[in-house]
Amino acid sequence: MIRYLIKNNFKLMMRSATNILLYIVTPVILVALLSSAFGDMMEKYESGDHIKAAYSFEAEETDVKAAMLVEGVKEAAKEGDFVLSEYPGADPEKTVRDEEMAGFIVFKKDGGYTVYENGERKYEAKALEYLISSVDKRIARYMIPGTGEREGSDADITVAHPAYMEPINAVDYYGIVEVVYFGWCAVVCGAGIFTAEKKYHIGKKLKVSGLSETKLFLARFVPMLLVVSISSLITAAITAICFGVHWGELLLSALIVVLSAAAATALGLMFYNITQNAVVTIIAVFAMVWIAGFWGGSFETYMFSAHPRILKEISPIYHINRALTELSCMGRSEYVGSAAVFCLGIMLVCSCIAVTAGQIRRRIGE
């Protein structure tokens with residue numbers, strides 16, 4: 001019985017082929033427009049007037065050499081274009097990468113230091129390295145007793161170059177994030193099912209068929225997921241062929257797109273099972289997706305956006321966008337796991353709520 005319903009719902013969706021066609025074509029048009037409009041900005045982006053850097057102490061701040069060195073660096077930074085902030089206990093490599101800083105200085109117990117440079121901001125990082133090196137030499141010559149004759153410092157100086165995200169062009173960026181964004185509008189593809197159920201009272205007939213709410217949910221979920229996933233992958237293929245969008249780690253990227261589609265499908269069905277109204281469902285889903293996309297970099301690139309980090313981190317679209325774009329330009333991403341967790345979590349929670357809502361409606365006789 002459930003196989004028959006899946007097949008029937010699939011046919012109902014195919015009757016609304018225009019919706020599916022728009023679902024495939026619209027992202028392609030947006031990729032062309034946005035990549036053209038923001039291409040120059042992403043290629044020629046330059047930092048602001050100030051160079052951001054951070055520091056932390058490996059030892060206690062009372063360490064004489066380290067304390068003198070950091071005070072000297074602070075004074076020198078005020079005279080230049082540096083904004084130096086303390087990040088106690090932070091991971092230097094992660095902070096440099098996530099906060100887009102020029103570098104991170106770790107002051108060691110023996111008076112030495114390590115500079116973690118940002119490979120994306122090579123000139124700024126070199127300026128920071130020169131700044132601290134100059135201060136260290138001045139301290140060695142004039143501020144520490146007994147070292148006036150020394151040409152430089154004997155401090156243990158280490159320069160590290162942590163992995164960083166390679167620059168990504170506008171075509172690759174928007175060619176990826178727009179596929180993700182429209183994938184979350186999966187409810188559009190299910191409009192044919194919702195319309196037919198209302199028109200022919202299919203829902204009422206199915207409720208007396210003896211099928212459980214879980215099976216009725218799966219009868220909608222499976223065909224919608226298939227159509228949305230295939231449509232999203234077709235869109236990705238078109239953008240790759242027409243615009244040269246580079247998708248890194250194809251199988252892993254495709255899996256993330258499918259998981260994203262599964263979460264979006266469950267979200268749409270949850271709202272439909274609660275409201276039993278296609279129009280309200282579409283409006284509610286579109287509103288949530290727009291907000292999540294706004295915070296997650298679907299319109300303004302997450303690299304340049306000024307949204308608070310907490311808002312980005314609570315958006316599933318941010319994790320998916322970041323995972324896919326980093327796979328594209330670096331071949332790996334720390335956000336693959338969080339993207340998968342978000343998608344699976346949303347899918348499971350929304351599915352349970354959708355089934356529960358259907359069971360409640362059945363009990364009250366709607």
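For the numbers below, each heavy atom of this structure counts, side chains included, while hydrogens, waters and symmetry mates do not.
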Undergrad: Using atom types as modelled and distance alone, determine if a side-chain donor or acceptor of Lys312 lies under 3.5 Å from a backbone N or O of Tyr318.
TA: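 Between the backbone of Tyr318 and the side chain of Lys312 there is no qualifying donor-acceptor contact (under 3.5 Å).
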Undergrad: Under the side-chain hydrogen bond (donor to acceptor under 3.5 Å, both in side chains) criterion, do Arg361 and Asn273 qualify, and how do the steps go?
TA: CA-CA 9 Å; Arg361 286 186 173 278; Asn273 275 19; over 6 Å; no
Undergrad: Could you check whether any side-chain heavy atom of Thr26 comes within less than 4.5 Å of a side-chain heavy atom of Phe182, counting everything from C-beta outward?
TA: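 In short, these two side chains touch, coming nearer than 4.5 Å.
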Undergrad: Less than 4.5 Å apart, side chain to side chain, heavy atoms only: is that true for Thr265 and Arg220?
TA: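 Side-chain contact under 4.5 Å: no.
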Undergrad: Any side-chain to backbone donor/acceptor pair from Ser232 onto Ser229? Under 3.5 Å, distance only.
TA: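 It does not hold such a pair.
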Undergrad: Taking the side chain as C-beta and beyond, is there a heavy-atom pair between Asn169 and Asp172 under 4.5 Å?
TA: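 Asn169 vs Asp172: side chains touch.
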Undergrad: Counting only pairs under 3.5 Å, give me each side-chain donor-acceptor contact of residues 282-289, with atom names and distances, residues two or more places apart or in other chains.
TA:
none

Undergrad: So how far is it from Glu117 CD to Met101 CE, rounded to the nearest 0.5 Å?
TA: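 With rounding to 0.5 Å, CD (Glu117) is 15.0 Å from CE (Met101).
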Undergrad: Quick check: is Ile230 connected to Phe10 through a chain of hydrophobic side chains (ILVMFWY, heavy atoms under 4.5 Å apart)?
TA: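 Linked within one cluster.
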Undergrad: Is the Phe104 ring parallel, tilted or perpendicular to the Tyr87 ring (thresholds 30°, 60°)?
TA: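 Phe104 and Tyr87: perpendicular rings.
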Undergrad: Identify every side-chain donor-acceptor pair in residues 291-298 under 3.5 Å, counting partners at least two apart or on other chains, and give the distances.
TA:
none

Undergrad: Can you tell if the side chain of Phe271 reaches within under 4.5 Å of the side chain of Val187, non-hydrogen atoms only?
TA: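 No, every pair of side-chain atoms sits at 4.5 Å or beyond.
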Undergrad: Would you check if Met270 and Phe217 make a side-chain contact, meaning some heavy-atom pair closer than 4.5 Å?
TA: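 The answer is no; the side chains never approach within 4.5 Å.
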Undergrad: Parallel, tilted or perpendicular, judged at 30° and 60°: which one describes the rings of Phe299 and Tyr181?
TA: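 Taking Tyr181 first and then Phe299, their aromatic rings stand perpendicular (interplane angle over 60°).
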Undergrad: Should we say atom CD of Glu334 is surrounded by more than 12 heavy atoms from elsewhere, each under 6.0 Å from it?
TA: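 12 or below, so no.
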Undergrad: Could you check if a side-chain atom of Glu93 sits within less than 4.5 angstrom of a side-chain atom of Val96, using non-hydrogen atoms only?
TA: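 Heavy-atom side-chain distance check fails, nothing below 4.5 Å.
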Undergrad: Mind checking whether Met13 and Met224 have side chains closer than 4.5 Å, heavy atoms only?
TA: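 They are in side-chain contact.
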Undergrad: If you group Ile, Leu, Val, Met, Phe, Trp and Tyr by side-chain heavy-atom gaps below 4.5 Å, do Leu324 and Val28 land in one group?
TA: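 Both belong to a single hydrophobic cluster.
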Undergrad: Taking distance alone, no hydrogens or angles, what donor-acceptor pairs closer than 3.5 Å link side-chain atoms of residues 236-259 to residues at least two apart or in another chain?
TA:
residue, atom, partner, partner atom, Å
Thr239, OG1, Thr235, O, 3.2
Thr239, OG1, Ala236, O, 2.8
His246, ND1, Ser328, O, 2.9
His246, ND1, Ser328, OG, 3.4
Ser253, OG, Gly248, O, 2.5
Ser253, OG, Glu249, O, 3.2

Undergrad: Donor-acceptor check, side chain of Asn19 to backbone of Cys189, threshold 3.5 angstrom: yes or no?
TA: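 No: the side chain of Asn19 does not pair with the backbone of Cys189.
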Undergrad: Could you tell me whether a side-chain N or O of Tyr23 sits under 3.5 Å from a main-chain N or O of Gly183, the two making a donor and an acceptor?
TA: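 Such a contact is found between Tyr23 side chain and Gly183 backbone.
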Undergrad: Just by modelled atom types, is the Arg322 backbone N or O under 3.5 Å from a matching donor or acceptor in the Thr325 side chain?
TA: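 Yes; judged by distance alone, with no hydrogens or angles, the pair exists.
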Undergrad: For the atom pair CG (Leu5) and CD1 (Ile193), what is the distance rounded to the nearest 0.5 Å?
TA: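 Those atoms lie 10.5 Å apart.
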Undergrad: How long is the span from the CD1 atom in Ile317 to the CH2 atom in Trp290, to the nearest 0.5 Å?
TA: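 Rounded to the nearest 0.5 Å, the CD1-CH2 separation comes out at 11.5 Å.
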Undergrad: Can you tell me how far OG of Ser260 sits from CG of Asn321, rounded to the nearest 0.5 angstrom?
TA: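 Result: 8.5 Å between the selected atoms.
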Undergrad: Do Leu269 and Trp184 share a hydrophobic cluster, counting only Ile, Leu, Val, Met, Phe, Trp and Tyr and linking them when any side-chain heavy atoms are less than 4.5 Å apart?
TA: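 Yes, Leu269 and Trp184 fall within the same hydrophobic cluster.
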Undergrad: Mind checking the CZ-CG spacing from Phe194 to Leu12? Nearest 0.5 Å is all I need.
TA: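 Those atoms lie 11.5 Å apart.
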